[in-house]
Amino acid sequence: SLEVIFPKDPVFTESLLSTMLKGRLLTDAHQTLSRRFSGPVPIGITTSSIITRDGTVIGAVAILKDRSGIKAIESSSLRKDRLAYLGTFAANLAHEIKNPLGGLRGAAQLITRKTDDPLLTEYAQLVIQEADRLNSIVESMLNFARPARLSTKELNIHQLLDSTTTLLRDGSAEILRIYDPSLPCVSGDSASLKQVFINLIKNGIEATSGTGRPGRVTVETSLVTDFHMPVIEERKQERHGQMAAVIIGDNGTGIKEEDMENIFTPFFTTKSKGSGLGMALSLKIVREHHGRIKIDSKEGGGTTVTVYLPTV
């Protein structure tokens, strides 16, 4: 029976049975189909009844289309639409928020200077802290709205990573560096790329907290000599060439399977105080450098983020 052959796909089996028993036909209906050694694959299913010459229904046939590539294009297009909307929204919102926010923060600072009441001082400090957090979110939103102004030059990626890891060494997790000494320079904007690596390494450190084991984040570099990357947004088939790979791995909690496709979606976050803009902004910066970000993760098994950047 169908249930034996497709034990993990009740929707698929129901579609075929419905076609055979009720005459309900499907045309490129979107479903998923389980695979034995990997995650489910998105498919389009088209069904039709098998009918004898006298009109008797004796079965059903299904045509399956692998929609993996189409889904990737749809996701990319949807993300672009969201970023375009976010840019317009951010530009208008920033003017409405930043001025009164500055006034609130200034008033709270005056309170801390004028009062000796420790409880009132604590509340005022809380207002300042939250005002700074909101200002940081607004600034991140504005980064989407502003056109990229990259000051690109030849960069030693190892020096950039060293300065980044030095900033983030707080003892909460061990940071291991494994560098390929033969790695050539990359062409990029040091401030923007540093922002990307700070975000990724910081995410790794935070993911290791609360696991009950010593936290560890590895920062590794390597050279990819035969790199192939689909370039949908530039309407080319793929990009070939030599790329520098920066691999940031952690032994943290990992990412849930249902959250993976939303990692780069603006405002999506699993953190209690996260803005949900860090990964989206990192993706934007890497793409502006004609690079790519790849994420591999398993819930409970840690996360590895690989940033590919063109070499000089």
Taking distance alone, no hydrogens or angles, what donor-acceptor pairs closer than 3.5 Å link side-chain atoms of residues 108-117 to residues at least two apart or in another chain?
{"residue": "T112", "atom": "OG1", "partner": "Q109", "partner atom": "O", "Å": "2.5"}
{"residue": "T115", "atom": "OG1", "partner": "D117", "partner atom": "N", "Å": "3.0"}
{"residue": "D117", "atom": "OD1", "partner": "L119", "partner atom": "N", "Å": "2.9"}

Heavy atoms only: give me the nearest [X]-[Y] pair and the separation to one decimal.
{"X": "S172", "Y": "I205", "value": "OG-CG2, 3.2 Å"}
{"X": "G291", "Y": "M243", "value": "CA-CE, 4.3 Å"}
{"X": "I198", "Y": "L167", "value": "CD1-CD1, 4.1 Å"}
{"X": "L183", "Y": "A244", "value": "CD1-CB, 3.9 Å"}
{"X": "M260", "Y": "S297", "value": "SD-CB, 4.1 Å"}

Could you tell me the separation between the [atom1] atom of [X] and the [atom2] atom of [Y], rounded to the nearest 0.5 Å?
{"X": "I263", "Y": "S282", "atom1": "CD1", "atom2": "OG", "value": "11.5 Å"}
{"X": "L33", "Y": "I45", "atom1": "CG", "atom2": "CD1", "value": "8.5 Å"}
{"X": "L200", "Y": "I293", "atom1": "CG", "atom2": "CD1", "value": "6.0 Å"}
{"X": "C185", "Y": "L309", "atom1": "SG", "atom2": "CG", "value": "12.5 Å"}
{"X": "L155", "Y": "L161", "atom1": "CG", "atom2": "CG", "value": "10.5 Å"}
{"X": "I178", "Y": "I247", "atom1": "CD1", "atom2": "CD1", "value": "9.0 Å"}

* Asked: Taking it one step at a time, do E154 and S187 satisfy side-chain contact (heavy atoms from CB on, under 4.5 Å)?
  -> CA-CA 5 Å; E154 287 190 16; S187 177; 5.8 Å; no
Considering residues at least two apart in sequence or located in another chain, which fulfil the side-chain contact (heavy atoms from CB on, under 4.5 Å) criterion with [X]?
{"X": "L101", "result": "I97, A131, L134, N135"}
{"X": "I58", "result": "I50, T52, T56"}
{"X": "N203", "result": "N199, E206, K271, M279"}
{"X": "R53", "result": "none"}

Any side-chain heavy-atom pair from [X] and [Y] closer than 4.5 angstrom?
{"X": "L223", "Y": "T225", "value": "yes"}
{"X": "H289", "Y": "L193", "value": "yes"}
{"X": "H30", "Y": "P42", "value": "no"}
{"X": "L281", "Y": "Q195", "value": "yes"}
{"X": "I295", "Y": "T304", "value": "no"}
{"X": "K194", "Y": "S163", "value": "yes"}
{"X": "T32", "Y": "V41", "value": "no"}
{"X": "K294", "Y": "D296", "value": "yes"}

* To do: Give the cluster check for L64 versus L26: same hydrophobic cluster or not, with ILVMFWY residues linked at side-chain heavy-atom distances below 4.5 Å.
  => yes
* Asked: Among the clusters formed by ILVMFWY side chains lying less than 4.5 Å apart, do L2 and V57 turn up in the same one?
  -> yes
* Asked: Between H158 and Y179, how do the two ring planes meet: parallel, tilted or perpendicular, split at 30° and 60°?
  -> parallel
Check whether [X] reaches the backbone of [Y] with its side chain - one donor and one acceptor, N or O, closer than 3.5 Å.
{"X": "T311", "Y": "P184", "result": "no"}
{"X": "N156", "Y": "Q159", "result": "yes"}
{"X": "S192", "Y": "D189", "result": "no"}

* Asked: Cluster partners of V312, using ILVMFWY side-chain heavy atoms under 4.5 angstrom, listed by chain and number?
  ->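 Joined to V312, directly or through intermediates: none.
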* Whichever hydrophobic residues join L126 through chains of side-chain contacts under 4.5 Å -> none
* Asked: What do the steps show when you test I175 against V219 for side-chain contact (heavy atoms from CB on, under 4.5 Å), and what is the final call?
  -> CA-CA 7 Å; I175 301 179; V219 181; 4.2 Å; yes
* side chain to side chain donor-acceptor pair (under 3.5 Å) pairs, two or more places apart, involving residues 246-257 -> none
Return all side-chain donor-acceptor pairs below 3.5 angstrom for residues 16-24, not counting sequence neighbours, or 'none' if the list is empty.
{"residue": "T19", "atom": "OG1", "partner": "S15", "partner atom": "O", "Å": "3.0"}
{"residue": "T19", "atom": "OG1", "partner": "R24", "partner atom": "O", "Å": "2.7"}
{"residue": "T19", "atom": "OG1", "partner": "T47", "partner atom": "OG1", "Å": "2.8"}

* To do: Mind checking salt bridge (Lys or Arg N to Asp or Glu O under 4.0 Å) for R105 and listing every partner two or more places apart, or none if nothing turns up?
  => D132
* Sequence-distant partners of D259, salt bridge (Lys or Arg N to Asp or Glu O under 4.0 Å), two or more places apart -> none
* Determine which pairs satisfy salt bridge (charged side-chain N to carboxylate O under 4.0 Å, His left out) with at least one residue from residues 176-187, sequence neighbours left out, and list them in order. => D162-R177
* Do other residues, nucleotides or ligands put more than 12 heavy atoms under 6.0 Å from the CD1 atom of I63? -> no
* F197 vs T165, side-chain contact (heavy atoms from CB on, under 4.5 Å): CA-CA, chis, key distance, verdict -> CA-CA 9 Å; F197 294 129; T165 53; over 6 Å; no
* Take I43 and K65, measure what side-chain contact (heavy atoms from CB on, under 4.5 Å) needs, and give me the verdict at the end. => CA-CA 5 Å; I43 62 168; K65 181 197 299 181; over 6 Å; no
